[in-house]
Each structure stands twice: as structure tokens, then as C-alpha cells.
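Read through the structure below, which is laid out as C-alpha cells, and then see the notes.
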Amino acid sequence: MDLRLSPDAVKFRDELRAWLDENLERPYTEELLDPKHDEDSLVEVRRNFQRKLNDAGYLGMGWPTEWGGRGATAVEEALLRAELAIADAPQSPNSLGIGLCGPALIHHGTEEQRQRFLPAMLSCDEIWCQGFSEPGAGSDLAGIRTRAEPDGDDFRIHGQKVWTTLGPWSDWIFVLARTDMEDRYGGITFFLMPIDQPGVEMRPLKQISGESEFGEVFFDNALAKREHIVGKLGEGWRIAMTVLGFERGGSTLLPSAEYGRQIDCLVDALSASGEIERADVREKVGALIVENEVLRANGMRTLASVAQDLPPGPESSIDKIFWSEYHQRLTDTAIELMGPQGQLLVTSPGARKDVDWMYEYLWSRAGTIYSGSSEIQRNIIAKRVLQMPTK
Amino acid sequence: MDLRLSPDAVKFRDELRAWLDENLERPYTEELLDPKHDEDSLVEVRRNFQRKLNDAGYLGMGWPTEWGGRGATAVEEALLRAELAIADAPQSPNSLGIGLCGPALIHHGTEEQRQRFLPAMLSCDEIWCQGFSEPGAGSDLAGIRTRAEPDGDDFRIHGQKVWTTLGPWSDWIFVLARTDMEDRYGGITFFLMPIDQPGVEMRPLKQISGESEFGEVFFDNALAKREHIVGKLGEGWRIAMTVLGFERGGSTLLPSAEYGRQIDCLVDALSASGEIERADVREKVGALIVENEVLRANGMRTLASVAQDLPPGPESSIDKIFWSEYHQRLTDTAIELMGPQGQLLVTSPGARKDVDWMYEYLWSRAGTIYSGSSEIQRNIIAKRVLQMPTK
Amino acid sequence: MHFELNEDQALLKSSTRELLESESPIAESRTVMEDNPDGFAKDLHAQLGELGYLGILQTEDAGGMGAIAFAAVLAEMGRVAFPGPYMDVAVAVRVLEDCGGDTAAKWQQAAASGEKIVVLARGENMTNADDTNVAATFADGRVTGRKVFVPFGAQADALLVDTVQGIALVERPDAGWNATEQTTLDHSQRFAAIDFDDAGELLCDASKGTQVLADAARRATLGASAVMLGCMESALESGVAYTKEREAFGAPIGSFQGLQHRAADMLIKTESTRSAVFRAAWAEENGEPDAGYVVSVAKAWAGPSSRFVCGQSIQLLGGVGYTWEYDQHMWLKRAKTFESFYGSTRASTENVLASSTHLNS
Amino acid sequence: MHFELNEDQALLKSSTRELLESESPIAESRTVMEDNPDGFAKDLHAQLGELGYLGILQTEDAGGMGAIAFAAVLAEMGRVAFPGPYMDVAVAVRVLEDCGGDTAAKWQQAAASGEKIVVLARGENMTNADDTNVAATFADGRVTGRKVFVPFGAQADALLVDTVQGIALVERPDAGWNATEQTTLDHSQRFAAIDFDDAGELLCDASKGTQVLADAARRATLGASAVMLGCMESALESGVAYTKEREAFGAPIGSFQGLQHRAADMLIKTESTRSAVFRAAWAEENGEPDAGYVVSVAKAWAGPSSRFVCGQSIQLLGGVGYTWEYDQHMWLKRAKTFESFYGSTRASTENVLASSTHLNS
């Protein structure tokens, strides 16, 4: 066992911290609270910070250097995300492009596609959104029904996608669509499509938080050019699975870092009110910290396994269930402990200004649903890990 | 709504309390701790107290008076059981006889059977055990495989029964056995059998508490006489279901009364140690009380429904899941709060002597398994109450 | 013993459901929340007054219908996440009656009829809703101090202010309240912090006021528990209904045992809450000595239980459960907000422990 | 970064499993519990000494193998609910080394070799195992006082007694200890209350002793967490194995989603405990500044988690899970008892909170 960071990793983290001290003007929650901002200008804040990160070499961590990436290790990527969360830095508006579409192009795209798309992705000149999930398919990605009909050399797309992050601000979308209605896995193709064209309609989808970070997109005879197919026809499922697998290491330290920051802010609030002196409050906060440290330990273990290039074990389903369900408990308990003040919207006078607790509380309800619901993850554990029988 | 006890019920309860003051020599837990006792003499303590109850007219509460019962209301029966629990009175060694077999005879037996069996049941001269559950059938009573083969006018029984309460001290057993292997429900017959005969072997089955209150019984060509069949051939399933339904009202107030006593004893222990002053301890004890009061409210509601002769609703599955899972939380938390002392066997020097916490802790693990496991009860709720679809 | 509503109460319950279904179904609750600056429909509030709903907690002689009716009505309102100060006004009406005197009587009539909005202004602690210490004072005909999280305080025509000297009535000044909106998770539940330096009138002194306010708090605790019960009912019903329609992996998702057992747990919590709430309502209505105890039991139980049921209702729906368009969030937000007010889970649990002297049944 | 055991540790783990499978499988643990008046097999304890297991926590120079090896061995022991004072003696051996001096060295050798049983006698509070206040004294060559819940105290050849003056060694008097057996849920874990009025020798003074005992307590906390991990492993494995064989309603019960999701939860708890325990073991072994913090995290987590997993293992088996014959109760009892000792869940949680100064990673 060795859980210590390598000297290189420590150096990387220390440089990053110094860079953040210098370059992050203020926490994103403060940006949110600045009355000068609206939804559009907040996206610009995020875009601008992404450009700064890119200029400093902190973007496309896993991409090869020839494409503007850093060729960084999984540990470095994990540290980057954790430190950004601790600093409450603006989140990238292009994370799905860089995390999923970029790797798809690097591994499966043509030279032309790479040259055309990768630089503008990193620089955030073009924002990408994801067209994987569908309203009818839920957690079953192979069940998608969006179809691509041949139109000369090209294709015409018909269907609907949901959970489209930052759709209204996106320029391009990468889409899984059926080029064969019969072949469940082999009939899916990976397309790149511009959003500003006839037949593509982006609709903001209001979430329970009242925001519309996610949207829906409707395709009605939208054009997908043959030159914008990634890989071959029918390879879309395989490519999607591969690039989703690349995500394995980078997020290992993120949840515990993010929740750790939230716990810190909770402790601040309870110290200010004096409630932290009560034994019952201490016990509840202590239990939250314990659970977050176990989450961190799980993350360290997964990261170690990625760093060693070990084959994936049960950890991705365990980690997903753990962080998503824990975040519900954390926000639920935090709000309860903060009393009436804890109920206030972050914009309300008298509210704590360091965490948008109401948003976090509501957002935590999505965590157990997207990217494979808790139910699906438990099925995976029971069947693949514990090898329990099917009827 | 009216949750107040009727004047008659209040009178019944007050008389009962006065009678208990007079006639219960000491709590059963004290009997348990008396070194003069062994397993046999403890059964005698229980038998003797049952005789006292019977002499005072507190046994066979729901039986008609012509058979020595009281013809009492469901409310009175529920009050009796609750008061006995609060007083920590010795439990009847014949409760399944009186609760299940007696009603079966009264409603479905012959005059000869009633005269032969009912008086000795109430007087506890003959102890009865139940032969319903089987190792292979679990929660599925219609799945029993013990078979009754014709032998002249009579039958020969082959098979095995489990969860046989007080088997080693019993004189008679009432048994469900198959007289028809094909007819799932209509092939089951209700037999009465003496235990002291060739072909009946009682084996104590050691439980995780180290005790053997339950046993197994093996039938190998044991004789079941035709005159000891209750009802007709093939009516066993229907009779069993009917008498199990009689149980509906009597136990409604029992769990909350019993657990209420346990909570009282917990509060005593925590008051003695001073731990009750801690806010975290208070919060946990308070939550235990809240939950027990909700259990009590559920019980009152069920009892009110029985008292009104309303058709059964979802309450029996709800109540079963609630009390059994709550008892696990209660004992788990109580032991934790009592610290090292809470870990002591009741017989150990320095242990609290009012509750046998270790026994209760372990016994609580059985509650979610017997009489229809928590899983079965949830299936029932989902299917019968919520009418959720089957695949 | 019987647990069912009596004929009058059952009729009230069904007519309330009809009224809300026609005048204010949950879609309307959403519209009010989004578009109505007051956070409630004034017309409908006035209608509730005309129909006698606002006077429900008054003594029988004054036209009240009792705590069981109150709980039954509020459970119906919870079902549609009904927005507005109904409960707060109903409680205040009874406080006015309990205070007595001409001014109180005048306002009692105005509030019960729905003409005027009158609510209590009690808490002063931003981080503890159960803190009953007050610093606000009444002196020389003026009320001074600061109250926080006054429900629909900004919309009120008069406030019943808990002061060191007793309960004082303050009418809205011509210039309006010196109010700061306090927006919570449940957007339709309006709160305000209000700074007082206004003319007022003492309705009853502190020695009497303490009991009057304790009674009011107990009734509000009961009412909030009933609202949460209603939220749970709807969340359970609509969640389960969805699982019967929605298909995945070739079968309705409601046929999967994982969701079936979850739904069973939701039913257990919901029905147990019903038992606890109506046991408490019965005790309150009949002046049972343990009314405070069983009311606190109901609230301490309803809080976490309603969060569970309403949260799991979102989970049953999956992705669409997370959208504004579906109703699940309305119930979750109401439940979560109500848990912290009108007797928090912690305060209710403490009250249970404090009132339990070895729990003899 | 890597999380796997190194070659030596992995070899130790597999040879420990082989040793226990051949010499002391769980059936043997049951036999010892039922029939052995000492509660453990002395021969096997001596064998553990010969094989170097008892000296595992000594410094490397003295032949120790480190905290990771210690945790790996104890997890194996947890798997078979291994009875006996192994962990307590291993911790005491290190205390003797840390105290230093001739007497300590002599006893260190005797305890590490398995010839003598030496354990710590610390607690004096019947209702709080984490109370470190001591009243026992050492004066004029005698130790007086009362210690409770001394693990295998009645079986010990010498006790290391925490006194106001420091750590004193008391050899078993010729007349035997003045001991009262304290029988707990876990029958195989023997405890005794011991009254001292015996000749003793001070091994180290209080100023040094405080640190030595704090180190010992931390190691015992780690060890207990590892034992609980082992219990969970076995409870999960045997519970899931049963669901694959047992049929009901025409299918193996393991095919029902309700049990599948339960088993998944058991796996999550078990694997998370593994992460926490070995993270803590690594920190302890490497003298990381946060070792006390992460050790407490592991224990605070392992307690409730092991109760859940071991309890649900009984539930997976149904009726037979409630019988003495099946092994499930062995793990549940060990886990439940260990939760209250060697740093209770509460004390561990408090320690986590106290050591967490805003948790910078």
C-alpha cells in the first residue's frame, strides 16, 4: 500500500494551488450573488475561467500534448478537479465536450475532425453538449430510439434527447443515433452536429431548482454530415462506452472535496450560531464528516487502482451510489442543523453566502437518478459483482 | 373519531391492574434471575401464572363463556395483553393453543373435541404447540410438504415442522399436513396429535440467544386419528387462515406496551449513569419514544377498526413491519447508549436487572423473519394495497 | 373506539377536496407560486373565510369545528401544496378569541371572515425557530423589536406580536411594514423579517399570553403535521401511479421488487403519519392531558417521514421527477420547509422526552 | 499510489487464512465459546507467538510487521470470529516495548512469544468505555483500585494497569485475580472486573504513560475496526451464497430484486469499510499526522456498518439464520460488542470532529 502522493503529484498540486490563489478572482458562489450577473453573463464567467485554465495548461488534462492537452496522469487530473471544487472555482461549460467528445475524437476520429474541433473545444470558443440520454431510455443507453436516416451521403436525424447540459449556450452537440433499428448495440452511430441549423430545437427544461441548466433537444430532419461521423457506422455504442470509461479516474477525489467544502461551511455556520456546542449537533456533524472521509477513502482506493492500470472492479457503482446518496443526507442534515436560516435561498438577506444550500439540496435529488440511477447501480452490483442469479 | 376507552373498558383495565398488583408475585425477569430456577421450573412459573389468570377469568378472552372463556371484546383482550407486558408477567406457555387451536375447535371442531380438549387447554394441564411452519416452506404456508397417508380410518404423518414453540414441554401439537399432494390449498388438513407416541421426535433447536424456546419436530409414521381431524379433510388451509385472522385485534397494543416498558428501563439506566443529561443521548431516546408512540397510534387505529368490525385494511402488514423493525432499532440503540454495561448478560454482575437486553436484542432479529418476513409483508403491501403490477 | 371521521368531519373533508380540485388544484399552486406577488390568491382566501374555514379553530360557541376538522382540512391542503396563510390565520383567529376584549373581537371577526390577514409574529432567532425568548417590547402604546420568519408577514393587515409585556396587536402602518422578504426552499411559503417601531395595542398581558401562545403553537404544530401528511399522500399516490405506466426493460417499472418495496415503505410512513396526526388531533380536540405530547410526537414523526416519502417520489419518477413540470418538488419543498418551522423535529422530540414521565399508558 | 497489500503483507494474509482454516475455522470458534472455560485455545495462542503474530505491532527492529499487517491479520480473524486475546496481547506487547526497562523487556518477550498473557487494564467506568479518567493508584509498590471490562483479564498472567502514577505491571497473585467475570453478548470475548490490592511495578510514569496508552488505544481501535471488517466479509459472502441456493416461490431467493438490492448495500458497506480501515492502517504505519483522525473514522464507520451487514445476513437466511447452528450470529455478536469497546462509535465520532480543523485535504 502507498497512499502518499508522489513528489511530482505534490509539486503539481502545490503549483496549482498557487496558480488558483493568483488567478481565481473570487469563489463562484460570490459571482452567483453579484447582482450584475444574469444567466448569460454567468456562462461567460465560466467560459473565461476555462480559458484561463487552458492558457495555464490545466485543461484537457488527459489529452495528448499534440492536441493541446497535458498528457497528465489520472492522479493529476483527480487532484485538479478536487482543488477546483475546494476553491469553488467556476465549472467548465464545456466539460462534456472535453471529457467525452474530445477523447472520442482523439481515439476514433479522423485527422480532419481533430484539427477542426479540438482547439476550439479547449479554448471554449465552441461549447459542446451531449446527446446521449433520451426520455424513453432512462438508464438504458442501448434503448435509444433517435434515428438517423440516410440522405444521400449524409443523414437526417429525428428524435429527442434530454439532460442536455447547457444546451441553450452550446454550439455543437455529439449525438448517439440509430442507423439500424434492429441491431440493439451495433446499430448506433456517433454523430457531431451543429446546433444552429433547421430541424434542431433546444428547449430549456426547468428543473425543480427553478434553473434550466439542463435542456431537451428535438431533432426533426436535422442534418448530420457523413464527415462528422466519429468512427464507423454502427460503432457509436462501443465508442460511447469507451469514453465513458475514461471518466473513471478523474472524478475520484471530486465528491469528497466538494462535500468537504460544504461541511466546512456548515461548521462555520454552526460556530457562528453557537449550535456547534450542542452534543447532538456535534454528533450529527461528526457523522457527516466520518461518512465523507469514507467516501474519500473509497475515492483514493479507486484512484490508486486507476493509477496502477488495474482492471475496473466494483468501485464505480459503489462510488456512484455512495456519493449521490450521501449528498442527500449531507444537505438534508445541514439544512436541518442550520434551522430557519438554513432554509433561506442564498440570495435572501440573512442567508449564509458561502454555499447555495437550497440548490445543493435539490440538486442532490438528481444525483441518484442521472448517469445510471441508484437502482441500476444496485442491479449492477448484485449481478456483476455478487453474481446473484436472474430468474 | 373516539379514541377514549369506554367506561367498561376502563373498569376492566382498572380491575386487571388491581388484580395484577395482588397476584403477580414478581416480574418475570426477576424469576429468570433467581438461581433456584432452571428451564423446567421456569415453565412451571409460567404454567402456574396462567392457571391464576384462568381462575380469575383472564384466559380465553375471546372464547365463549360456555367453554370457559370470557367472551370479551377485542379492546379488552388488547388491554389484557398490554397490561401483562407492562407488568412483565410470565408469558403463557399455551398461547398458541389458546390463540389458534382453541378457536379452531370452537368454530370448526366437534362437540367431542371441544369437551375433550378445551378445559385442559385453559387450565394448562395440557400444553399445545403449533405445527404449521416447515423448513422448506418459509413464509409460504401453502407450500407445506408434511404428508398424511391414510392408514385404515386414521392417518400416518411424515415430515418436519419448525419454529415449534415450547415443543419440549408440550403434550399435544396441532398440525397442518397434506392429504392431497396436488391440491395446493384444498389438500391440507388440520390434525391434532399427541406428542408422546412413536414416530414423533421433538428436537430442541438452539437459537442465537443460546436458548431453545423453539424446536423442530419430526414425524415418521406418527399416528393422527380421524377423530382428531378438525373440520373436514382438506379444510385445513381455510381453518388456519380463519384462526390466524382472529389474532387481529388482541395484539394491537402489545408491542408498544412492551417496548414502552423497555424504554422506561432504558431511561432508568441512563438516569442512573447520568448519560440522560447529554443532548445527543436525549435526542436518541426522544426519537425512540416518538417512534414507539407512532407504533401505539397505529395499534390504536387497528384496534378501533377491529372494534368496529371494519374489514381488514393494510394495517396488519404495516403493523408487523413496524414493530419488528422498530424493535431492532430500539434494542440496538439502547445497548449502544448504555455503554459497556449495556453489553452485559442480565445474569452478569453489574448488569441492569430489569430487562434482558441481550435476549431482546437477539430476539428482535427473529421478529422480521417469523410470521411472514418483512420481505413478504412488503410484497403484500405493494401488491394488495398499492396494487402494483406483476411482471 | 373508532378512528374514522364523524359525519360532519367527513363531509368537510370531501367538500374541501372538491373545492380545492375545482378552485386550486396543484397546477394552480404552481401558478400562484410563480406569478402571484403575494404568494396566494386573495379571492380564494376570502372565500375560505365565507365558508367558515378560517374560523375553524374557534371555540364551538364561536363557530369553530375542532382540531380534527382542522387537521382534515390541512391534510387536503397539503395534497395540493395549497399556498397561502390559511393555517397561520386560523391559528391567529383563535388567539384573538383567547385574548378577548373589544379590539381582539373586532379583528377576530375580520380575520375569520377573510377580510383581513392577521398572523402571529413570534420568533426572533434566525438559527433556531423554537427559541421562545423575546426581546420585543410594548411600551407607551408602541411595539419595538424585530421578528423573523413571520409567515406571510409582509402581506398581513395586522400582526399579533409576542412582546415581553404580552401579546400586542399592530396594524399595518400606512407606509407599510418595515419588512424584508425571507425566501425559502418552498417559494410559495412567504416569510418576512419585520422591524417594529409602530403603534400597537396590548391584547393580553404576558401571564395570560404565555398560555395563549403555547396553545397556538401546539395547534400550529398539529396543523403543520397534517399538511405534511397531505404532501405524503399525494407524493405516494402520484409516484406509484407513475410506476404503473412507465415501462423499462420491457415491463412497467412498478413490477420491479426494488421499487415495490420502496413504495411499501412510503405507504408505511404515510399511514403511520396518519395514525399519529389524527391521534394528536383527537387529543387536542378533547383537551386530553397528553395533547401536547402526542402533537409533538406527530410533528417529530411527520418531518423525517415526509422528507422520505416526498424525496422517494422523485426517485420513483426518475428524470422527469426532477423537472419543474411534475409536481413532486412541490410536496418535497413544503415538507422540508415545514419540518423546520411550527416546532422543528428537534424541538418536538425534546418536548416528547420532557413530557414523558415514564410513559405509563 | 497503490492500495494493494505488498508482497509480504499479502503472503501474511494468505498464510493467516490458511492457518485459521486449518486450525481454527469458525466451527472451532463456536466450540471454544461453548466448551473452553478460558474462552480461547492456549495452544493456538502459543503457536501464534511462535509464528511471530503476537509481536506484530513491535517496532521493525524488534521484529514487528507494521499496522497494515496487523489490520490484515485481524480482518482474517474477524472472518472466523476467532476467540481469544490476540489483539489485546499484541497491543500490550507494544506498550511494554514503549515503556522500556528490564521488567518490561522481560514481559515483552514472554507475551510476544505466547508464553504469557499480558493485557491492558484501563477503564473504570461501567457505563462509558471511553472514559479515560483513572482512580487506581500505584504507591509503595502496590497497585490499588478497580478496573472493569478488562479483556481476558481473568486469564491474564500479568496486567498493565493504568494508574494515576503511570503504567504499572501487576503479576497474577498466587491466589489468582480478584476477578468478576463480565459476560457480554459475544460469549467468546471474555471480560472481567478486577479489584486490585496487589504488589506491582511502575513501568513508566504518567507523563510518558499518557502517550504510550494513547498510541495503544489508537492501535486497538484500528484492530477492532479490522476485526469488524472481517466479520462483514464473511457475513456478506455466506449470506449471498445462501441466496443462490435457497429456493422459494420457484426461484432462488437471490434472484429477487429486493434481496439483490439489500446485498448490494451490504457490499457497499463492506467495501467502504475496507477502504477506511486500510487507509487508517496505512496512516498508522507511516506515522501520518492524521493517523488518529482516520483511525477514528474507520471505527466510527465500521461499527454501524458491521451491525447492518451482519444483521442483514441473518435476514437473508431467514429462519435458519436465527439458529445457533448457522454462523451468522457469531459475526453479529462480535461486531456489536466491538462497537462499544476499543473506542465506541460515539467516542470515535467525537474524536473525528475534534481533530477536524476544517478538513483541508
Side-chain angles (χ1 to χ4, degrees), chain B residues 133-140 143 162-163 205-212 214 216 269-270 272-275 278 280-281 328 331-332 335-351 357-359 361-370 373-376 378-379 382, chain D residues 33-34 123 125-131 148-149 180-187 189 191 193 246-250 253 256 258-259 262 303-304 307-308 310-312 314-326 328-330 332-333 336-341 344-347 349-350:
Chain B
S133 303
E134 294 188 7
S139 294
D140 177 16
V162 291
W163 294 94
L205 186 63
K206 201 169 174 184
Q207 283 108 52
I208 66 177
S209 59
E211 308 190 16
S212 302
F214 300 117
E216 299 171 291
L270 298 173
S273 67
E275 289 279 312
R278 290 177 56 113
D280 55 337
V281 172
Q328 293 181 353
T331 55
D332 219 349
I335 288 170
E336 191 178 358
L337 292 179
M338 288 189 285
Q341 186 183 41
Q343 291 278 338
L344 288 173
L345 298 197
V346 68
T347 49
S348 192
W357 286 107
M358 292 304 106
Y359 177 80
Y361 179 68
L362 295 171
W363 174 232
S364 78
R365 308 306 319 187
T368 53
I369 296 170
Y370 71 74
S373 68
S374 288
E375 289 79 13
I376 295 290
R378 286 192 169 82
N379 286 346
Chain D
M33 170 170 69
E34 289 170 345
N125 188 329
M126 282 290 286
T127 54
N128 183 347
D130 309 302
D131 182 352
V148 298
F149 291 99
T180 310
E181 283 269 3
Q182 295 184 303
T183 316
T184 65
L185 181 65
D186 182 357
H187 300 240
Q189 188 69 11
F191 291 97
R246 163 82 178 188
E247 300 214 345
F249 304 101
I253 60 173
F256 292 101
L259 292 191
R262 187 96 43 84
R307 267 194 281 125
F308 171 79
C310 298
Q312 288 305 321
I314 292 178
Q315 188 74 18
L316 290 184
L317 267 66
V320 298
Y322 191 65
T323 61
W324 187 265
E325 182 191 347
Y326 279 74
Q328 319 318 101
H329 66 108
M330 305 284 289
L332 178 68
K333 289 169 178 173
K336 180 70 182 166
T337 298
F338 268 42
E339 191 189 1
S340 285
F341 294 99
S344 70
T345 301
R346 181 168 89 187
T349 305
E350 279 176 356

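Per chain, numbering begins at 1; letters A, B, ... match sequence-line order. Computed from a predicted structure; not experimentally measured.
Inspection of the B:Q341 and D:T127 side chains reveals no N or O donor paired with an N or O acceptor under 3.5 Å. With hydrogens and angles left out, the side-chain atoms of B:S348 and D:Q182 include no donor and acceptor closer than 3.5 Å.
Looking at D:E34, the atoms closer than 4.5 Å to chain B (heavy atoms on both sides) all sit in the side chain, from C-beta outward. Residue contact with chain B, scored on non-hydrogen atoms closer than 4.5 Å, involves the side chain of D:L259 exclusively. Of the atoms belonging to B:S374, heavy atoms from both backbone and side chain fall under 4.5 Å from chain D. If you measure heavy-atom distances from B:E275 to chain D, the contacts under 4.5 Å come from the side chain alone. Neither the backbone nor the side chain of D:D130 comes within contact range of chain B; no heavy atoms are under 4.5 Å apart. B:V281 touches chain D through its side chain: at least one heavy atom from C-beta onward sits under 4.5 Å away, while N, CA, C and O do not. Heavy-atom distances place the side chain of D:E350, and not its backbone, under 4.5 Å from chain B. If you measure heavy-atom distances from D:A129 to chain B, the contacts under 4.5 Å come from both the backbone and the side chain. Heavy atoms of B:Y359 lying under 4.5 Å from chain D are absent altogether.
The shortest distance between side-chain heavy atoms of D:E339 and B:I335 does not fall below 4.5 Å. Looking at heavy atoms from C-beta onward, D:M330 lies out of side-chain contact with B:I208 at the 4.5 angstrom threshold. Counting only heavy atoms from C-beta outward, the side chains of D:M126 and B:L344 approach each other to under 4.5 Å. Between D:V320 and B:V162, the closest side-chain pair of non-hydrogen atoms is not below 4.5 Å.
With respect to chain B, the highest number of heavy-atom pairs below 4.5 Å among D:G123, D:A248, D:G258, D:G311 belongs to D:G311. The candidate from B:N379, B:L345, B:T347 with the greatest count of non-hydrogen atom pairs under 4.5 Å with chain D is B:L345. When each of D:N128, D:T345, D:T337 is checked for heavy-atom pairs under 4.5 Å with chain B, D:T337 comes out on top.
In this structure, the separation between CD on B:E216 and OG1 on D:T323 is 8.5 Å, given to the nearest 0.5 Å. Once rounded to the nearest 0.5 Å, the distance linking CD of B:E336 with OG of D:S344 reads 7.5 Å. Going from atom CD1 of D:I253 over to atom CD of B:E375 covers 8.5 Å, rounded to the nearest 0.5 Å.
The aromatic rings of B:W163 and D:Y322 sit parallel to each other, their planes meeting at less than 30°, with 60° as the upper class boundary.
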| task | Assess whether side chain to side chain contact (heavy atoms under 4.5 Å, CB included) is satisfied between B:L362 and D:K333, documenting all intermediate values. | result | CA-CA 9 Å; B:L362 295 171; D:K333 289 169 178 173; 3.8 Å; yes
| field | Derivation of the side chain to side chain contact (heavy atoms under 4.5 Å, CB included) call for B:Q343 and D:F341 | value | CA-CA 10 Å; B:Q343 291 278 338; D:F341 294 99; 3.9 Å; yes
| task | Start with the C-alpha distance between B:T368 and D:I314, add both sets of side-chain angles, then the distance that settles side chain to side chain contact (heavy atoms under 4.5 Å, CB included), and finish with yes or no. | result | CA-CA 10 Å; B:T368 53; D:I314 292 178; over 6 Å; no
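Partners of B:D332 under the side-chain hydrogen bond (donor to acceptor under 3.5 Å, both in side chains) rule, at least two apart in sequence or in another chain, are D:R307, D:K336.
The two residues D:Q312 and B:R365 have their closest heavy-atom pair at N-NH2, 4.1 Å.
With hydrogens and angles disregarded, no donor-acceptor distance shorter than 3.5 Å links the side chain of D:Q315 to the backbone of B:I369.
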